Amino acid sequence: MRERIVAAIRKIPRGKVSTYGAVARAAGYPGAARQVVRALHTSMGLPWHRVLGVGGEIKLRGDSAFEQRLRLEAEGVTFRGRRVNMSQHEFKFPRPKATRKR
DNA sequence: AGGGTGACGATCA
DNA sequence: ATGATCGCCACCC
């Protein structure tokens, strides 16, 4: 499970972002947002700064939150108040299931 | 084996 | 909008 979550996180391209819940769904575990958090903690080398809370909100506190914002802005991600402009930067994972015709 | 814990999310006051 | 609560669930004592 952690592997699948990690794999999903790795797919988020530079300049794009996603959310804990969306990553969980993309990995095939809807509702496992907390496990996404665990993966981010226990796995290194991930683009951790590209994972946000629902609505594009940074869920970290203190300095970490500041650093995350800086990293994102450095990749060209724009903010609207405290949130990321999701309409513009949210990464859409390829359909696990599919609108793939048959 | 059992209880506490979260970089969450949805809902309600 | 902010804060509390509840549901969730693998992980860590």
Side-chain angles (χ1 to χ4, degrees):
Chain A
M1 169 171 176
R2 219 196 52 166
E3 291 302 315
R4 297 186 59 181
I5 291 176
V6 166
I9 296 172
R10 290 213 137 103
K11 292 178 183 170
I12 306 173
R14 188 163 176 284
K16 290 287 190 178
V17 302
S18 190
T19 66
Y20 303 99
V23 168
R25 286 191 293 277
Y29 301 98
R34 307 200 96 124
Q35 279 57 241
V36 172
V37 169
R38 280 202 158 300
L40 286 170
H41 265 261
T42 61
S43 203
M44 308 259 295
L46 296 178
W48 61 270
H49 55 284
R50 300 186 192 144
V51 187
L52 308 164
V54 68
E57 187 176 351
I58 289 183
K59 299 297 250 186
L60 298 183
R61 273 166 295 220
D63 290 339
S64 315
F66 185 61
E67 185 186 334
Q68 180 168 26
R69 175 154 183 159
L70 290 182
R71 282 174 176 260
L72 288 172
E73 291 180 326
E75 294 189 347
V77 175
T78 64
F79 285 72
R80 192 181 51 194
R82 301 182 154 104
R83 315 184 168 182
V84 164
N85 277 324
M86 293 308 269
S87 51
Q88 177 175 11
H89 297 108
E90 180 170 23
F91 173 63
K92 308 293 192 178
F93 285 95
R95 308 264 161 263
K97 303 213 86 169
T99 45
R100 211 64 260 145
K101 51 177 62 164
R102 195 82 46 119

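Note that the structure is predicted; figures quoted are calculated from it, not measured. Side-chain atoms are counted along with the backbone in the values below, which use heavy atoms only and exclude waters and symmetry mates. Every chain is numbered from 1 and lettered A, B, ... according to where its sequence line falls, protein lines coming before strand lines.
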J.: Do any of residues 52-89 of chain A sit with a heavy atom less than 4.0 Å from DNA chain B, and if so which?
T.: A:Gly53, A:Val54, A:Lys59, A:Leu60

J.: Salt bridge or not between A:Lys92 and A:Glu90? Use side-chain N to carboxylate O under 4.0 Å.
T.: yes

J.: Given side chains that start at C-beta, do those of A:Leu52 and A:Glu57 come closer than 4.5 Å, heavy atoms only?
T.: no

J.: Enumerate the residues from residues 4-24 of chain A whose closest heavy atom to DNA chain B is under 4.0 Å, giving them by residue number; use none for an empty result.
T.: A:Tyr20, A:Gly21

J.: Can you measure from CZ (A:Arg69) to OG (A:Ser64) and round to the nearest 0.5 angstrom?
T.: 15.0 Å

J.: Please list all pairs passing the salt bridge (Lys or Arg N to Asp or Glu O under 4.0 Å) test where one or both residues lie in residues 40-50 of chain A, with sequence neighbours left out.
T.: A:Arg50-A:Glu75

J.: Quick one: are A:Glu73 and A:Thr78 in side-chain contact, heavy atoms under 4.5 Å?
T.: no

J.: Within the distance-only criterion (no hydrogens, no angle test), does the side chain of A:Gln68 pair as donor or acceptor with the backbone N or O of A:Val51 below 3.5 angstrom?
T.: yes

J.: With a 4.5 Å limit on heavy-atom distance, are the side chains of A:Ile12 and A:Phe93 in contact?
T.: yes

J.: Quick one: are A:Asn85 and A:Phe79 in side-chain contact, heavy atoms under 4.5 Å?
T.: no

J.: Quick one: closest heavy-atom pair of A:Pro47 and A:Ile9, and the distance?
T.: CG-O, 3.6 Å

J.: Enumerate the residue pairs fulfilling side-chain hydrogen bond (donor to acceptor under 3.5 Å, both in side chains) with a member in residues 27-42 of chain A, sequence neighbours excluded, ordered by first and then second residue.
T.: A:Arg2-A:Thr42

J.: Is there a residue in residues 41-51 of chain A whose heavy atoms reach under 4.0 Å of DNA chain B, and which residues are they?
T.: A:His41, A:Trp48

J.: Looking at side-chain heavy atoms only, is the closest gap between A:Val77 and A:Val17 below 4.5 Å?
T.: yes

J.: Using whole Å, what does the distance between atom P of nucleotide C:dC9 and atom OH of A:Tyr29 come to?
T.: 12 Å

J.: Taking A:Arg4 for the side chain and A:Ala27 for the main chain, is one N or O donor matched with an acceptor at less than 3.5 Å?
T.: yes

J.: Got A:Leu60 and A:Phe66 here, is their nearest side-chain heavy-atom distance under 4.5 Å?
T.: no

J.: For A:Leu40 and C:dA10, what is the distance between atoms CG and C1' respectively, to the nearest whole Å?
T.: 14 Å

J.: Anything under 4.0 Å to a heavy atom of chain A counts; send over the first and last such nucleotide of DNA chain B, read 5' to 3'.
T.: B:dG6 to B:dA10

